[in-house]
Protein chains: 2
Amino acid sequence: MRNKEKTYNEIVQTAYVMFSEKGFDQTSLSSIASEIGISKPAIYYYFKSKDELIKYLFDKIVQEIQSLTSVELETITTTNFKQNLYQLGEAAISHQEKDVHFNHLFNQYMLLASRDTYYSERLLKIQQDFLNTFYDLLTYAVKINAIKDENILIKSQLLALVFDNITNFILTDMKLDYKKIWIEAVDSVLSGVEHHEQ
Amino acid sequence: MRNKEKTYNEIVQTAYVMFSEKGFDQTSLSSIASEIGISKPAIYYYFKSKDELIKYLFDKIVQEIQSLTSVELETITTTNFKQNLYQLGEAAISHQEKDVHFNHLFNQYMLLASRDTYYSERLLKIQQDFLNTFYDLLTYAVKINAIKDENILIKSQLLALVFDNITNFILTDMKLDYKKIWIEAVDSVLSGVEHHEQ
DNA sequence: GTCTATATGCGGATAGAC
DNA sequence: GTCTATCCGCATATAGAC
C-alpha cells in the first residue's frame, strides 16, 4: 500500500522530468523504468499505455496553469490594481525559474495539439481562459474606476501575449530583465487609460 | 539530370510539410518516400541520414527568418518610422498566414535546441539578432530624432516579445485581431517617447 | 506489485542488382 | 538514380511466474 503509492509517484515525477528534457518520442518507458530502478512492465500496472501516461501529465499541467493564472478580483482596489498586475508577472517568472520543465512540457503538448484533437480542444479552452483572465481584470479595473474604458479588449490581449512569451523566452537562455519588461508592458499599456488625480 | 533535381525538391518539400504536421519522430523516411511515390533508399541518395535532412531544413528556415526580420535603416525617416514598425508586423502576420508550416517547424527546432547544442547555439544567435533588429530600429529612431532616448532597450525587447508571440498565437487557432494588437503595442510603447510637434 | 521472457512491429540504414 | 531485399536495434505491449 505504502510502496504502491510511492512507485506511482516516482513514475509520474520521472516521466514529467524526462519527457520535458528528451521529448515524448525520445523517452522510452524502459528508460523511465530504469531511471527509477524498476522494470518496464511495472509501469503498465499503473498506466495501461504510454499515451495514457502522457495524457495524465497533461491533466496535471492543465490544473497547474489554471491555478497560476487565476486572480481574485474581489481583492483588487483602485490603489493596488497596478501592483496586482506587476505581481502576476513576477509570480509567473518565479514559477518558471523554479520549474524549468513546466514550459518545455507544455510546448510539447502545444505541438501535439496540432495533430490530436484531444489536446487541441483542451488547449484552446485554456488559452481562452488565459485571455479572459486579463480581460476580466481590466474590465474590473474599469468598473472600480481605476482606468478608463478605452480599447480594453485589445489591451488585455496585448498584455496576455507579453506575459505568455516572457515565460517562453526564459527557456531560451536569453538573459533579459524580464521583470523590467513586464513592468514596462503594464506601464505602457495603461499609460493612456490611467486616471490621474491632481 | 532534370529528374534528379525534381526528386530532390520533392523530398525537401514533402519533408518540410510532413515534419511540421507530424513531428520529426512521427515522420518516418518511409512515409515521406511513399508520399512522393519513391522508395526509402532513394532518399539516402540525396541525404546521408535523417538527421542530415532535418538539419538541412533547419538551415533553410534560418535563412528565411533572417530575411524576414531584416530592416533597411537607411530608408527610415522621422515621418515614416512608425509606419515602418506597423508594416514589419503586418508582413510577419501575412507570412504566417501564407505558410502555416513555418512556425510549427520552427517550434520543433526550439525543442530540439534544449537537447542538442547544434541547434541551441544557432537559435540563440538568431534570437539575439531578432532582438537587435528592434533595438537598432529604436536606436536609429532616437538618432534621427523621431523618439526620445528613454528606456529604449527594454522597449525594444518588449516589442520583440509581442511580435514573436503574435506569430505563435496565430498557430493556436485563436481568432484575434492580431494587426490591431500589434498597432496597440507600437502605440503604447512609443506613446511616452514620441516627440509631439505643436 | 514486480519480475523475466517474449511477441510483434517499425524505425534507420546498407548491400547490391538494374 | 532508383529499386528489392535485408540487417539490426529498439519501441510498445503482453504472458505468466513469483
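Chain A is the first sequence line, chain B the second, and so forth, proteins listed ahead of strands; every chain is numbered from 1.
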Residue pairs fulfilling side chain to side chain donor-acceptor pair (under 3.5 Å) with at least one residue in residues 170-180 of chain A, sequence neighbours excluded: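 Every pair satisfying side chain to side chain donor-acceptor pair (under 3.5 Å) with a residue in residues 170-180 of chain A: there are none.
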Between [atom2] of [N] and [atom1] of [X], the distance in whole Å:
X: A:Lys6; N: C:dT2; atom1: NZ; atom2: C1'; value: 14 Å
X: B:Phe47; N: D:dT2; atom1: CZ; atom2: C1'; value: 16 Å
X: B:Ile43; N: D:dT4; atom1: CD1; atom2: C1'; value: 16 Å

Ring-ring centroid check A:Tyr45 A:Tyr8, cutoff 6.0 Å: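 When the ring centroids of A:Tyr45 and A:Tyr8 are compared, they turn out to be at least 6.0 Å apart.
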Please output the side-chain donor-acceptor pairs of residues 159-168 of chain A that fall under 3.5 Å, not counting sequence neighbours, one pair per line with the distance.
unit_1   : atom_1 : unit_2   : atom_2 : d
A:Asp164 : OD2    : B:Asn165 : ND2    : 3.0
A:Asn165 : ND2    : B:Leu161 : O      : 2.9
A:Asn165 : ND2    : B:Asp164 : OD2    : 3.0
A:Thr167 : OG1    : A:Asp164 : O      : 2.6

Below 4.0 Å: OP1/OP2 of C:dG1 and any side-chain N or O of A:Tyr45: yes
Short side-chain N/O contact to C:dT4 OP1/OP2 from A:Ser39, under 4.0 Å: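 False: A:Ser39 side-chain N/O out of range (4.0 Å or more) of C:dT4 OP1/OP2.
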Detail all sub-3.5 Å separations between protein N/O atoms and N/O atoms belonging to nucleotides 11-18 of chain C.
unit_1 : atom_1 : unit_2  : atom_2 : d
C:dG12 : OP1    : B:Lys50 : NZ     : 2.7
C:dG12 : OP2    : B:Leu29 : N      : 2.9
C:dG12 : N7     : B:Lys40 : NZ     : 2.7
C:dA13 : OP2    : B:Tyr44 : OH     : 3.0
C:dA13 : OP2    : B:Lys50 : N      : 2.9
C:dA13 : O5'    : B:Tyr44 : OH     : 3.4
C:dA13 : N6     : B:Lys40 : NZ     : 3.4

Taking only residues two or more places apart in sequence or in another chain, which ones pass side-chain hydrogen bond (donor to acceptor under 3.5 Å, both in side chains) with [X]?
X: A:Glu64; result: A:His95
X: B:Tyr135; result: none
X: B:Thr79; result: B:Thr77
X: B:Thr78; result: none

Interface with DNA chain C, restricted to residues 107-118 of chain A and to heavy atoms under 4.0 Å: none
Of all pairs that satisfy salt bridge (charged side-chain N to carboxylate O under 4.0 Å, His left out), the ones with a partner from residues 68-85 of chain A, not counting sequence neighbours: A:Lys82-A:Asp187, A:Lys82-A:Glu194
Inter- and intrachain pairs under salt bridge (charged side-chain N to carboxylate O under 4.0 Å, His left out), touching residues 49-61 of chain B, at least two apart: B:Lys48-B:Glu52
Distance-only criterion, 3.5 Å: show the donor-acceptor pairs between side-chain atoms of residues 123-134 of chain A and protein atoms not counting sequence neighbours.
unit_1   : atom_1 : unit_2   : atom_2 : d
A:Asn132 : ND2    : A:Gln128 : O      : 3.4
A:Thr133 : OG1    : A:Thr69  : O      : 3.3
A:Thr133 : OG1    : A:Asp129 : O      : 3.0

Inter-axis angle, terminal five-pair segments of the helix from C:dG1-D:dC18 to C:dC18-D:dG1 [nearest 10°]: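 Here the local axes at opposite ends form an angle of 0°.
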